[in-house]
2 protein chains.
Amino acid sequence: MANIKEIARMAGVSVTTVSRVLNNHPYVSEVKRTAVLNTIEKLNYTRNMNAVHLITGRTQAIAVIIPNINLFYFSVIIEGLAQEALLAQYRLILCQTDYRHEEELKVLEMLRNKEIDGVVIVSTRMSSEVIEEYTAYGPIVICQDRGERRFSSVYIEHYSAFRSGLQYLSDKGYQQIGYCEGRQHGSSSSIRQIAFSDFLAATGQPFHEEWMIHDCMNEEDGGRVLHELLKMKKRPNALIITGDHVAAGLIIEAWKNGIRIPEDLAVIGFDDQPIGRSLGLTTIDNQLPEMGATAFRIIYDKIQNNDGHPVHRKLEYRIIERSTV
Amino acid sequence: MANIKEIARMAGVSVTTVSRVLNNHPYVSEVKRTAVLNTIEKLNYTRNMNAVHLITGRTQAIAVIIPNINLFYFSVIIEGLAQEALLAQYRLILCQTDYRHEEELKVLEMLRNKEIDGVVIVSTRMSSEVIEEYTAYGPIVICQDRGERRFSSVYIEHYSAFRSGLQYLSDKGYQQIGYCEGRQHGSSSSIRQIAFSDFLAATGQPFHEEWMIHDCMNEEDGGRVLHELLKMKKRPNALIITGDHVAAGLIIEAWKNGIRIPEDLAVIGFDDQPIGRSLGLTTIDNQLPEMGATAFRIIYDKIQNNDGHPVHRKLEYRIIERSTV
DNA sequence: CTAATTTATGAAATGGATTCCATAGCAAGC
DNA sequence: GCTTGCTATGGAATCCATTTCATAAATTAG
């Protein structure tokens with residue numbers, strides 16, 4: 001396959017001139033420019049981008065650390081991110097890590113290796129210390145609400161969002177509130193757990209261990225939750241559920257079992273997913289696509305300006321009132 | 001930042017020896033190996049992968065052309081693909097193209113540029129001719145059922161799958177069958193449209209233009225479809241719907257409007273999505289994760305064996321009987 | 001004890017572009 | 001007429017690791 005040297009030889013110019021043409025640099029006469037262009041055409045030449053990456057030290061690619069793509073929460077973030085990346089002509093390297101530490105580390109190593117220009121961490125179990133180590137090698141943005149200021153982040157305040165969901169239920173008169181969450185030990189889960197018990201304490205309600213239900217990831221889990229509720233002696237009259245998919249599964253199962261919503265059981269979800277819209281689910285919108293887009297913009301900015309200072313962007317949540325509360 | 005030369009100098013060996021250590025090649029004495037390893041540690045050295053990519057001509061990365069990540073159909077394929085890629089230690093470059101021709105082409109150009117070792121095309125509007133041109137530069141696999149044999153593919157026979165769905169409805173006694181599809185001009189849509197009219201012709205049923213409903217992508221579209229049906233003078237008593245999400249939206253809206261399923265309206269979906277499981281939706285499973293995984297395996301195989309011959313893998317669909325038919 | 005392997009090591013070529021630096025022609029300014 | 005500045009052009013260094021080839025020492029085979 002042809003290279004720049006051969007083009008230069010055939011067009012009767014120096015490699016420098018070919019490079020100038022390739023990169024639209026000034027100071028090339030029209031005659032030589034067309035000569036080069038013709039030769040490129042004739043030899044069906046393209047740049048070997050690996051050589052470009054080597055010499056420039058940039059790859060126009062960023063990696064995304066994500067446990068699993070096929071979860072609405074994540075795929076929406078990615079979608080927003082991908083859109084921005086496309087606009088900026090950046091490549092997106094998708095690293096589905098399933099929270100495995102070695103895999104997550106490997107991605108950060110890519111930054112050190114110069115394979116990528118930056119990293120967006122959508123969700124991880126890595127400690128802040130580990131991540132911080134790698135900030136020396138390039139920009140890193142995390143989409144989690146750690147109290148952390150050592151590296152850049154985009155986040156919604158889970159504590160506050162969750163609390164306002166609880167407050168909303170409370171204002172509507174629901175006093176027995178249960179909580180369904182995703183991964184029990186996720187970083188945002190623990191924040192919400194605190195928000196939950198703080199709220200109970202503040203409003204003088206007792207804490208029922210069994211009203212806090214873990215590992216609800218999809219519609220089927222939501223259905224399972226309903227049956228767990230039905231088995232309880234004392235049942236909550238409202239549920240706050242992280243993830244509209246889960247809420248949807250629960251609502252459907254409720255319909256099947258003659259449980260009226262919201263009369264027998266009020267439900268508020270998170271994330272404003274399409275299925276929730278169909279069901280008239282009241283939910284808290286977390287602006288997920290915006291989250292991905294913002295994460296990319298931060299990274300991009302840092303790459304352009306070679307700026308190492310951490311940046312933090314808080315996104316606003318909002319309650320979308322529909323008919324399940 | 002340190003490079004291999006510096007390591008060599010400090011460890012008192014040649015660069016060749018350092019490279020040998022780095023790549024676990026034989027014929028390095030234990031003494032020198034540890035000297036090199038220590039120096040690497042001391043200087044906090046890592047390879048510049050761009051140099052590796054340049055000299056080896058491989059990047060251990062493949063690109064995926066996909067219109068949109070945030071569609072269940074696509075994200076499930078990607079998930080299967082990503083899992084296999086992880087196992088093989090391959091990077092996945094996600095290219096959300098939104099069917100834009102320039103973007104799709106750009107990805108194929110990456111293959112020519114040697115930025116990637118192969119391409120998986122999940123869905124595209126590019127012509128087979130354009131794609132074929134690029135097979136010269138590396139392995140390409142397409143996840144569509146074109147009648148095309150010039151480049152590799154993984155596919156389910158949409159014609160046959162769709163027809164067996166219709167047959168299933170027909171066997172259950174439904175004679176007025178309507179059809180909801182996604183993009184009207186998608187490659188699989190046109191195959192299904194033919195299957196649909198072939199089936200009507202074969203069973204001597206008339207073709208109702210209005211029973212063929214286009215552009216159904218999500219739950220809300222499904223809801224909209226129900227209302228369209230309600231407005232019709234003569235209604236179908238069964239629907240075949242490409243995509244369980246759409247079917248779900250329709251079913252939910254049917255419940256709200258007192259339409260009994262399947263008594264008033266039978267529904268069969270496609271893709272076996274979680275929401276369908278909750279609703280008891282009868283559906284045709286298209287083995288999407290397997291599709292992604294297989295696509296990767298084909299590419300991987302071709303990269304390893306430098307094999308340019310097109311390979312074709314047909315995946316089997318199956319009907320999952322639940323309670324909406 | 002010699003011939004054939006095997007082990008160990010390094011010099012140099014290779015992959016393919018970008019960019020700094022040097023040089024030269026030519027026009028404008030004073 | 002002389003300096004300054006702009007346009008054009010190319011040589012050579014640079015980015016960094018892999019791999020081929022050559023050579024030498026140490027074993028093993030016969």
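As a basis for the values below, the full set of heavy atoms in this structure was taken, side chains included, without hydrogen atoms, waters or symmetry mates. Letters A, B, ... are given to chains in the order of the sequence lines, protein chains preceding strands, and every chain is numbered from 1. On a predicted model such as this, the values are computed, not experimentally measured, just so you know.
Taking 4.5 Å as the limit, some side-chain heavy atom of A:Glu316 sits within range of a side-chain heavy atom of A:Lys314. A heavy-atom distance below 4.5 Å is found between the side chains of B:Leu81 and B:Ile62. A 4.5 Å side-chain heavy-atom check between A:Met10 and A:Leu43 finds at least one atom pair inside the cut-off.
Each of A:Leu54 and A:Gly12 has a nearest nucleotide on DNA chain D; the 5'-most of these lies closest to A:Gly12. Between B:Lys114 and A:His25, the residue anchored nearer the 5' end of DNA chain C, judged by the nucleotide with its closest heavy atom, is B:Lys114. Nearest-nucleotide assignment on DNA chain C puts the 5′-proximal partner with B:Thr16, out of B:Val52 and B:Thr16.
Across all strands, A:Lys5 comes closer than 4.0 Å to no nucleic acid atom at all (heavy-atom distances). As judged by a 4.0 angstrom heavy-atom cut-off over every strand, A:Val18 is placed among residues making no nucleic acid contact. Backbone-only engagement by B:Ser29 is indicated by non-hydrogen atom pairs under 4.0 Å involving sugar-phosphate atoms exclusively. Nucleic acid contact class of B:Thr17 (heavy atoms, under 4.0 Å, all strands): sugar-phosphate only.
Here B:Glu132 pairs with B:Arg150 under the salt bridge (Lys or Arg N to Asp or Glu O under 4.0 Å) rule; sequence neighbours left out.
Contact check, B:Asn50 against D:dA17: no side-chain N or O comes under 4.0 Å of OP1 or OP2. Listed pair A:Tyr27 / D:dT7 meets the phosphate criterion, a side-chain N or O lying under 4.0 Å from OP1 or OP2. Residue A:Ser14 has no polar side-chain atom (N or O) positioned under 4.0 Å from OP1 or OP2 of D:dG11. Checking the phosphate oxygens (OP1, OP2) of D:dT18, a side-chain nitrogen or oxygen of B:Arg47 falls inside 4.0 Å.
Distance CD (A:Glu30) to P (D:dT7): 15 Å, rounded to an integer number of Å. Across the protein-nucleic acid pair, B:Arg58 atom CZ and D:dT18 atom C1' stand 14 Å apart, rounded to whole Å. At whole-Å resolution of the value, CZ in A:Arg20 and C1' in D:dA8 are 8 Å apart. Here the C1' atom of nucleotide D:dC15 and the CG atom of A:Asn113 are 15 Å apart, to the nearest Å. The interatomic distance linking A:Ile55 (CD1) with D:dA17 (C1') rounds to 14 Å, in whole Å. We find that CD1 of A:Ile7 is positioned 17 Å from C1' of D:dG10, with the value rounded to whole Å.
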### Task
Any chance you could lay out the salt bridge (Lys or Arg N to Asp or Glu O under 4.0 Å) test for B:Arg297 and B:Glu290, step after step, and finish with the verdict?
CA-CA 10 Å; B:Arg297 277 188 235 116; B:Glu290 187 55 28; 3.8 Å; yes
### Message
Between A:Leu87 and A:Phe296, is the side chain to side chain contact (heavy atoms under 4.5 Å, CB included) condition met? List the steps.
### Response
CA-CA 11 Å; A:Leu87 283 175; A:Phe296 180 81; over 6 Å; no
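Residues B:Arg183 and B:Tyr99 bring a donor and an acceptor atom of their side chains to less than 3.5 Å of each other.
Taking a heavy-atom distance under 4.0 Å as the criterion, the stretch of DNA chain C touched by chain B extends 5' to 3' from C:dT7 to C:dG16.
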